[in-house]
Structures are given as C-alpha cells and as structure tokens.
Amino acid sequence: MRQTFIISRVTRFMARVATWAGGRAGTTLTGAVAAIAMMFPAVRPPWPVLLPGASAWAAVPANAAATRAADMVARMRPEEKLSVLRAAPAPLGGASAGEGAGLLTWPGVARLGLPALRMGSFASPDPTDPAMPQLPFLALAAGWDPVLAHRAGALRARDEWARGRAMVRVGGVDLLPSGRLLAGEDPMLAGTMAGMVASGLMGGHVVPVFASLRAEEQGRGDGVVALPATLPVPAGRYMDGSLMGLSIALATAHGGAIACGGMHACGALSGLSTIVRDHWRFGGMLMAMPGALSGTDANAPAAVADGVDLEQSLGLEDGIYATPLRRAVATGAVPAARIDQMAQHVLTSLYGTGILDHPPSFNRDTKPPPASDTLSVAGLMADIGAEGMVLLQNENQVLPLDDRSGPVLLLATQALQRPLAALAAALEHDGIRVSTAIVRPDGTPPPQAAQVARAVMLTDRDADNAFITALADLGGHVVTIMMSDSPDRAMPWLDVVDSVIQAWSWHDEYAAPLAAMLTGTRDFTGHLPMTFTGGLYPPGMAYADYHAFERAHVAPLFPFGYGLSVAGGVSYGDVHVSREDATHLNVTFTLTDTADHPVRAVAQLYLTPPAEAGGVKRLVGWRSVALTPGHVTHVTIPVDPHLLGQWDAGAGAWMVPAGTYTFAVGGSSVMLVHQASVHLPALHVAATLENLPAPTSPGE
C-alpha cells in the first residue's frame with residue numbers, strides 16, 4: 001500500500017513538473033511585484049547602502065566598534081567590568097511603579113557615560129508587550145526576498161527602540177540542528193533571510209541576537225526536536241549545517257550577538273568558542289538565556305571556558321555571573337584578562353549598532369502607535385503574505401477564480417472563523433460572490449456544498465482531512481488552503497482536490513493579498529523554504545530535508561524551493577561558469593517569460609560537488625527576477641568558495657578538493673533544467689566572516 005502511494009505521488013509530481021515547465025495562462029502581475037524585483041549586485045559593502053529608500057547605514061563598522069570597545073574597557077574599574085557581563089531585573093531610575101516589568105536591564109557604567117539598556121528575557125519565545133506581531137519567519141523565507149527581510153527588521157527596530165528595548169532575538173538560525181530551521185531547512189536561505197532582518201535591526205540601533213530555538217518554535221508539526229542524543233558534541237560537526245546558517249547571518253548583518261540556551265546548555269557544542277573567535281574572527285558577544293548556565297556541574301570557570309560573555313538572569317543576584325564569577329576572579333580561576341575580553345565582546349556588539357550613542361528612553365510610551373506606523377506594519381505583513389504564499393497545485397485551471405461560475409463557497413472549522421470572515425470580505429471586495437459555512441471536521445459537508453461549482457476549504461490540522469475528502473467527493477472543484485507551518489501535514493486528499501495553497505500561520509493582513517491571488521489580480525510567487533513531505537520520509541529519516549531525500553534518491557511530495565505560478569512559465573537558458581579569481585566563481589544563464597503575462601521567477605542555483613567534497617546537492621545562490629513576456633534577462637550569480645567544500649576541523653578552514661563541480665539552475669531543488677560543470681583545483685578557504693557569501697539580491 002505504501003509503495004503504491006509513493007508511486008502515485010511520484011507520478012503526480014512528474015505531472016506537476018510538466019505543468020511548471022509549460023506554464024499557465026493568467027493575469028498581469030501588479031506593479032508592486034515588479035518593483036520588488038529590482039537588481040542589487042551581490043557585493044561586499046553593507047547591504048543597506050544598496051537598498052532603495054533605505055536610511056543610511058547607521059551601524060558602526062566592526063573594526064571601529066571593536067576599537068571603541070577596547071578603549072572603554074581600558075577605562076573601566078574591575079567591578080564595572082564584571083557588572084556589564086550580566087542583565088537582570090533592576091530598578092529603572094525615574095521609572096514609575098511597574099515600569100519595565102518582565103524586562104531585564106544591562107546596567108551600563110554611568111561614570112563613563114555608558115547608558116543602562118533593557119531587553120526582554122530570551123527565555124520566552126514571545127516579545128514583551130510588542131506593538132507589532134512576531135515576524136512570521138517561514139512565510140518571510142518563502143518569499144526569498146532579502147529586501148523584504150531587511151524592511152521587516154527595520155520596522156521591528158523602530159517598534160522596539162521606541163519602547164526602550166535594546167536587543168531583539170532573531171530566529172531562523174540555530175547553534176545546533178533543530179530539524180527544519182525556523183526560517184527553512186537550508187542554511188544559506190535561512191542565514192541570508194535572518195541576516196537581512198538583523199541588518200534592518202542594526203540600522204535602527206537595536207542589537208540582533210541570533211538565539212537558539214525553543215521547542216515550541218520548531219517547524220515540525222509533531223513537536224519532535226532534532227537534537228543530538230548526547231551532549232556536548234564537536235561544533236565542527238555542524239559547520240556545513242546549522243553553524244553555516246549562523247555564520248551567513250552574522251556576515252550578512254555585519255554584527256550582532258549570539259545566544260544559547262533555548263533547548264540546550266551553552267556547553268552543548270565543544271570547540272564553539274574556537275570557531276567563533278579564531279576561525280570566524282567574530283568580535284561580538286555570546287550570551288546565555290536564563291537557565292542556560294544552570295545544572296549540577298555549572299560553574300563560572302566552565303561558562304567562561306565555553307565562551308559565554310553575558311548572562312541573562314531572572315534575579316538580582318541569581319546566575320553564574322553574579323557572586324560565583326566574582327569569587328572565581330578573586331581566586332584566579334578566571335583570569336582578569338579574560339574578563340577584559342568578555343567585556344570587550346559585549347561592548348563591541350553594542351557599539352556596532354550605535355545603541356550606546358543613541359540609547360532608547362526608559363519611559364514607557366503609553367500612547368498608541370502613530371497611524372503611519374500601524375499602516376507600515378500592516379503593509380509589511382500584507383507583503384510577507386503576498387510574497388510567501390505558495391501555490392502547490394492547480395489542476396483543471398480552477399485558479400484564478402471568477403464570477404462566471406456562480407458564487408464560491410468558503411468553509412472552515414470554528415477555530416478558523418476569523419480568517420474565513422476576512423477572506424470572504426476580501427473576495428467580495430474583488431467582485432467574487434461568496435457564501436460561507438462553519439463546519440465540523442468530523443461532520444459531513446453542508447447541503448450547499450453540493451450546489452456550488454467551487455468550494456474553498458481553510459484548514460490548519462490533519463483532523464480536517466476526512467472532511468476535505470468528503471467535500472471533494474461531491475464532484476465540485478475544491479481549493480484547499482493550508483494555514484499552518486507544518487511541513488509534514490498529511491494530504492490524503494491531494495488526488496481529489498484541484499488546487500492547494502500553502503498560506504502559513506494566519507495573520508489578518510494576509511486576506512487581501514490572498515484574495516488578489518485567488519482572483520488572478522496578483523500572481524503566486526512564493527517558493528517553499530523547506531520540503532513538504534506529506535508525512536512520508538525516506539526510510540529511517542524522520543528529519544527529511546531536501547538533502548535527506550537527495551541521499552535516499554526519493555522524490556519528495558513537494559520539494560524545497562517549489563512553487564507554481566498561475567500567470568505563466570519560465571524558460572532557462574544554458575548555464576556558463578567562469579572564474580572571477582582564484583577562489584570565486586560566477587554562474588550565468590538567461591531567463592525568458594514564455595507566457596503572455598509578466599511573472600516573477602525565483603531562479604535557484606544548486607551545486608553537486610564531487611564525492612570528495614560531500615557529493616550532495618546544495619543551494620549556493622538564487623535570484624528573484626521580474627520578467628516580461630518575450631524579454632530575455634541575463635542573470636549572474638556569484639558563488640563563494642566555502643560553499644563548495646567541506647569543513648576541515650584540523651585546519652580550521654574550508655577545504656575544496658580538486659575535482660568536477662556541477663552547477664544547475666531551475667525552479668526548485670529538483671526542477672533543474674540546465675547545468676554546467678567546471679573542474680577546480682584544490683582550494684583552501686579561510687572561515688573568516690568576510691569570506692562568507694554576500695546576500696543574494698532580490699531581483700534583476
């Protein structure tokens with residue numbers, strides 16, 4: 001039975017490949033989509049210099065921040081150096097009763113003009129008293145748009161700074177592997193998108209903290225966390241995975257901080273400090289969430305040896321870096337010179353964002369946010385939904401909807417009543433007659449379901465599957481809109497429904513763009529940031545990212561990078577590989593819109609290295625390109641050499657063995673249509689952050 005089902009899935013998958021290659025007729029893209037897809041070269045200078053309409057780069061260059069930090073540490077007294085290694089609840093001078101409840105304070109050094117700063121406890125996955133919602137990272141990553149990610153970070157910075165917050169936890173990348181990352185399963189995509197959010201935060205004088213994920217933030221629907229069975233483990237084991245994503249994020253942001261403690265202690269990775277300090281040459285701080293330094297064997301010398309510079313604690317004298325650290329310094333167990341280094345790392349992260357020069361006020365802003373800010377946040381969330389929603393299937397040309405076939409029936413369970421009402425109103429605004437019905441997942445379709453030609457079912461859980469199948473069995477056309485972030489959502493109804501849309505966890509701002517895409521006034525442009533398995537994994541592989549499917553030679557249900565367009569198809573030209581210099585490659589190809597309508601293509605570049613370099617296909621670049629009918633667009637994607645090889649822990653560098661390296665382009669990790677190979681000599685690539693890949697541009 002399982003083999004038959006898998007064969008059926010593969011057959012349908014090949015049909016989808018044919019559909020994707022041939023394209024669909026549709027309507028014109030809005031000007032907004034074309035505007036997003038402007039060209040930005042992948043260059044080394046800080047990204048915000050290149051962004052249209054962005055404010056000037058406000059962060060301090062890393063070397064200048066480190067110099068200022070060293071000068072300040074030299075002026076500090078011993079007790080002041082120890083004090084800046086902790087953030088804890090503390091009275092805020094001049095604040096009213098209750099001010100700063102739930103927040104932690106970094107004390108600063110008033111004598112030297114260093115202001116006190118406050119932050120939320122990173123032990124909680126939710127921000128404290130936010131004016132804007134938590135960023136939906138999977139939906140954001142599904143847009144494959146670094147400029148939108150930067151904009152999201154800039155808006156979040158404005159909100160946090162106005163409310164007196166100095167640091168924000170950025171998800172998407174992790175120290176340890178966690179199944180599928182919060183921003184997707186590929187370290188390059190996740191690292192670039194998280195890094196661009198962080199660059200927006202830094203431009204707004206807020207410190208981005210790349211923090212370990214918590215169990216409740218996992219993309220997997222079953223809640224299982226892919227941590228190693230025993231800890232600690234060598235950090236070098238994850239240099240081509242989770243730590244690759246983190247290093248790309250740090251290089252993209254040009255600064256920030258790292259935190260540990262969401263699901264594991266700070267000592268979970270042995271040798272992490274060596275990689276971060278000696279190989280990456282990262283000068284910022286590594287901080288610990290509350291409880292990350294606890295345990296029977298926890299002590300100040302061990303935490304210092306693990307590389308932790310700052311500890312968040314929930315009590316004034318709680319934590320390892322309170323009395324225990326003072327005692328360790330007094331006895332010589334922790335050298336005074338090491339305290340100087342730790343304080344310098346903390347100050348480097350703070351100086352790097354400019355927050356010590358532009359500190360936020362401690363006075364809580366009790367006024368509602370300005371209308372312009374509210375509109376900006378609403379517009380951001382709408383754009384994230386518009387770019388991130390993914391069309392997975394569209395048979396029988398059911399989409400786009402029109403009014404000629406009568407009203408559309410929208411159905412949902414009681415839990416989704418709010419998005420049902422919002423989508424119905426948006427569709428009616430776009431000229432579609434709509435009727436709605438609240439249903440029970442264990443019930444039968446309502447009578448009107450048999451009387452309409454098209455039904456749209458909103459679903460967020462497997463419990464709805466039997467109802468969706470029964471709805472499709474009535475004989476009408478069915479559009480299924482999945483409204484959760486689980487990549488393992490079972491789809492037993494896939495053979496009997498017409499269209500499937502991945503709409504991610506719902507935000508009300510998604511209603512208008514989703515209605516526009518359903519009616520064809522805007523095209524679907526999202527691509528999956530992780531493999532959708534349908535609950536079917538390669539044998540023995542519960543964490544089935546696209547690398548696992550590649551190794552097992554199994555076609556996934558919906559592969560990483562997959563996404564259909566209603567408007568049209570894209571033709572890829574031949575691939576050419578050239579050497580920019582001894583260590584950098586450029587891959588060029590052409591894109592052509594083969595339909596009668598403009599489309600936005602997410603052209604993805606994958607590398608298959610020789611067996612000596614791992615031999616498994618991996619993403620090494622992409623371009624999001626606005627295309628017009630019949631117009632040929634030339635695309636160039638630079639490839640940084642450390643993405644070619646494997647980490648050599650002994651050498652502390654990336655080793656690229658001599659051999660043949662094959663590059664292929666296409667619309668997903670399996671829909672690759674043209675390729676070219678190049679023979680490379682053996683290369684030795686340093687791991688410093690300056691050598692990591694520049695962010696991929698959002699357009700041509």
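Predicted, not measured: the structure shown is a model, and the values here were computed from it. The figures that follow rest on heavy atoms only: side chains count, while hydrogens, waters and symmetry mates do not.
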**Student:** Check Gly315 against Ala88 and note the closest heavy-atom contact, atom names and distance.
**Tutor:** O-CB, 3.6 Å

**Student:** Main chain of Thr348, side chain of Arg68: is a donor-acceptor contact present, judged purely on distance under 3.5 Å?
**Tutor:** no

**Student:** Just verifying a value: how many Å separate Ile339 CD1 and Met342 CE, rounded to the nearest 0.5 Å?
**Tutor:** 4.5 Å

**Student:** Check Leu269 against Leu175 and note the closest heavy-atom contact, atom names and distance.
**Tutor:** CD1-O, 3.6 Å

**Student:** Would you check, one step at a time, whether the test side-chain contact (heavy atoms from CB on, under 4.5 Å) holds for Gln344 with Met72?
**Tutor:** CA-CA 8 Å; Gln344 180 174 336; Met72 181 58 70; over 6 Å; no

**Student:** How many angstroms lie between atom CG of Leu85 and atom CE of Met287, to the nearest 0.5 angstrom?
**Tutor:** 11.5 Å

**Student:** Kindly write out the residues that satisfy ring-ring contact (aromatic ring centres under 6.0 Å, His included) with Trp506, not counting sequence neighbours, or none if the list is empty.
**Tutor:** Tyr510

**Student:** Are any of the side-chain heavy atoms of Met381 and Pro136 separated by less than 4.5 Å?
**Tutor:** yes

**Student:** Can you see which heavy atom on His547 is nearest to which on Asp186, and at what distance?
**Tutor:** CE1-OD1, 4.3 Å

**Student:** Supply the atom-to-atom distance Arg158 CZ to Arg163 CZ, rounded to the nearest 0.5 angstrom.
**Tutor:** 12.5 Å

**Student:** Would you please name every residue forming a side chain to side chain contact (heavy atoms under 4.5 Å, CB included) with Arg281, sequence neighbours left out?
**Tutor:** Thr688

**Student:** Taking C-beta and beyond as the side chain, do Pro290 and Ser313 meet within less than 4.5 Å on heavy atoms?
**Tutor:** no

**Student:** Taking C-beta and beyond as the side chain, do Met530 and Leu138 meet within less than 4.5 Å on heavy atoms?
**Tutor:** yes

**Student:** Not counting sequence neighbours, which residues clear side chain to side chain donor-acceptor pair (under 3.5 Å) with Ser349? List them please.
**Tutor:** none

**Student:** For residues 311-320, which residue pairs pass the salt bridge (Lys or Arg N to Asp or Glu O under 4.0 Å) check, not counting sequence neighbours?
**Tutor:** Glu317-Arg326

**Student:** Could you tell me which residues satisfy side chain to side chain contact (heavy atoms under 4.5 Å, CB included) with Ala649, sequence neighbours excluded, listed by chain and number?
**Tutor:** Trp647

**Student:** The criterion is side chain to side chain donor-acceptor pair (under 3.5 Å); which residues satisfy it with Thr323, sequence neighbours excluded?
**Tutor:** none

**Student:** Would Leu148 and Leu380 satisfy side-chain contact (heavy atoms from CB on, under 4.5 Å), going step by step from the backbone distance to the final call?
**Tutor:** CA-CA 8 Å; Leu148 184 60; Leu380 168 70; 3.9 Å; yes

**Student:** Donor-acceptor check, side chain of Arg237 to backbone of Ala235, threshold 3.5 angstrom: yes or no?
**Tutor:** no

**Student:** Looking at residues at least two apart in the chain, or sitting in another chain, which of them share a side chain to side chain donor-acceptor pair (under 3.5 Å) with Arg461?
**Tutor:** none

**Student:** Measuring only between side-chain heavy atoms, which start at C-beta, is Leu310 closer than 4.5 Å to Leu286?
**Tutor:** no

**Student:** Less than 4.5 Å apart, any side-chain heavy atom of Asp383 and any of Arg151?
**Tutor:** yes

**Student:** Would you say the side-chain atoms of Tyr321 pair up with the backbone N or O of Val308, donor to acceptor, closer than 3.5 Å?
**Tutor:** yes

**Student:** Passes side-chain contact (heavy atoms from CB on, under 4.5 Å), Thr252 versus Ser199? Steps please.
**Tutor:** CA-CA 7 Å; Thr252 301; Ser199 72; 5.5 Å; no

**Student:** Within the distance-only criterion (no hydrogens, no angle test), does the side chain of Glu387 pair as donor or acceptor with the backbone N or O of Ile384 below 3.5 angstrom?
**Tutor:** no

**Student:** Run the numbers on Asp174 and Arg169 for salt bridge (charged side-chain N to carboxylate O under 4.0 Å, His left out), then give the verdict.
**Tutor:** CA-CA 12 Å; Asp174 198 359; Arg169 195 166 66 93; over 6 Å; no

**Student:** Check whether His205 reaches the backbone of His358 with its side chain - one donor and one acceptor, N or O, closer than 3.5 Å.
**Tutor:** no

**Student:** So, Trp144 side chain and Gly388 main chain: donor-acceptor pair closer than 3.5 Å or not?
**Tutor:** no

**Student:** Could you tell me which non-hydrogen atom of Gly267 sits nearest to which non-hydrogen atom of Pro232, and how far apart they are?
**Tutor:** O-CB, 3.2 Å

**Student:** Does any N or O in the side chain of Asp640 come within less than 3.5 Å of the main-chain N or O of His642, such that one atom is a donor and the other an acceptor?
**Tutor:** no

**Student:** Apply salt bridge (Lys or Arg N to Asp or Glu O under 4.0 Å) to Glu509 and list each qualifying residue two or more places apart in sequence or on a separate chain.
**Tutor:** none

**Student:** State which residues pass side chain to side chain donor-acceptor pair (under 3.5 Å) with Gln417; sequence neighbours excluded, sorted by chain then number.
**Tutor:** Gln414

**Student:** Just to verify, what does Thr274 make a side chain to side chain contact (heavy atoms under 4.5 Å, CB included) with, not counting sequence neighbours?
**Tutor:** Asp278, His279

**Student:** Under the side-chain contact (heavy atoms from CB on, under 4.5 Å) criterion, do Trp504 and Met483 qualify, and how do the steps go?
**Tutor:** CA-CA 5 Å; Trp504 311 106; Met483 303 172 66; over 6 Å; no

**Student:** Report yes if the side chains of Trp654 and Asp648 come closer than 4.5 Å at any heavy-atom pair, otherwise no.
**Tutor:** no

**Student:** Side chains of Trp106 and Arg118: does their closest heavy-atom pair fall under 4.5 Å?
**Tutor:** no

**Student:** Going from CG on Leu82 to CE on Met76, what distance comes out if it is rounded to the nearest 0.5 angstrom?
**Tutor:** 10.5 Å

**Student:** Please check this pair: side chain of Gln312 against backbone of Gly120, looking for a donor-acceptor N/O pair closer than 3.5 Å.
**Tutor:** yes

**Student:** Are any non-hydrogen side-chain atoms of Leu347 and Val73 less than 4.5 angstrom apart?
**Tutor:** yes

**Student:** What are the two closest non-hydrogen atoms of Ala190 and Gly172, and how far apart are they?
**Tutor:** CB-O, 3.4 Å

**Student:** Would you give the length of the straight line joining atom CE of Met202 to atom CD1 of Ile355, rounded to the nearest 0.5 angstrom?
**Tutor:** 11.0 Å

**Student:** Name all residues meeting the ring-ring contact (aromatic ring centres under 6.0 Å, His included) criterion together with His345; count only those two or more places apart in sequence or in a different chain, and write none if there are none.
**Tutor:** none

**Student:** Output the distance between atom OG (Ser376) and atom CG (Asp159), rounded to the nearest 0.5 Å.
**Tutor:** 11.5 Å

**Student:** Please check this pair: side chain of Ser247 against backbone of Met244, looking for a donor-acceptor N/O pair closer than 3.5 Å.
**Tutor:** yes

**Student:** To check you understand the geometry: which heavy-atom pair defines the closest contact between Pro208 and Val170, and what is its length?
**Tutor:** CB-CG2, 3.8 Å

**Student:** So, Ser273 side chain and Asp306 main chain: donor-acceptor pair closer than 3.5 Å or not?
**Tutor:** no

**Student:** Listed by chain and number, what are the side chain to side chain contact (heavy atoms under 4.5 Å, CB included) partners of Ala116, not counting sequence neighbours?
**Tutor:** Thr105, Phe362

**Student:** Hey, is Arg489 close enough to Asp460 for a salt bridge, meaning N to O under 4.0 Å?
**Tutor:** no

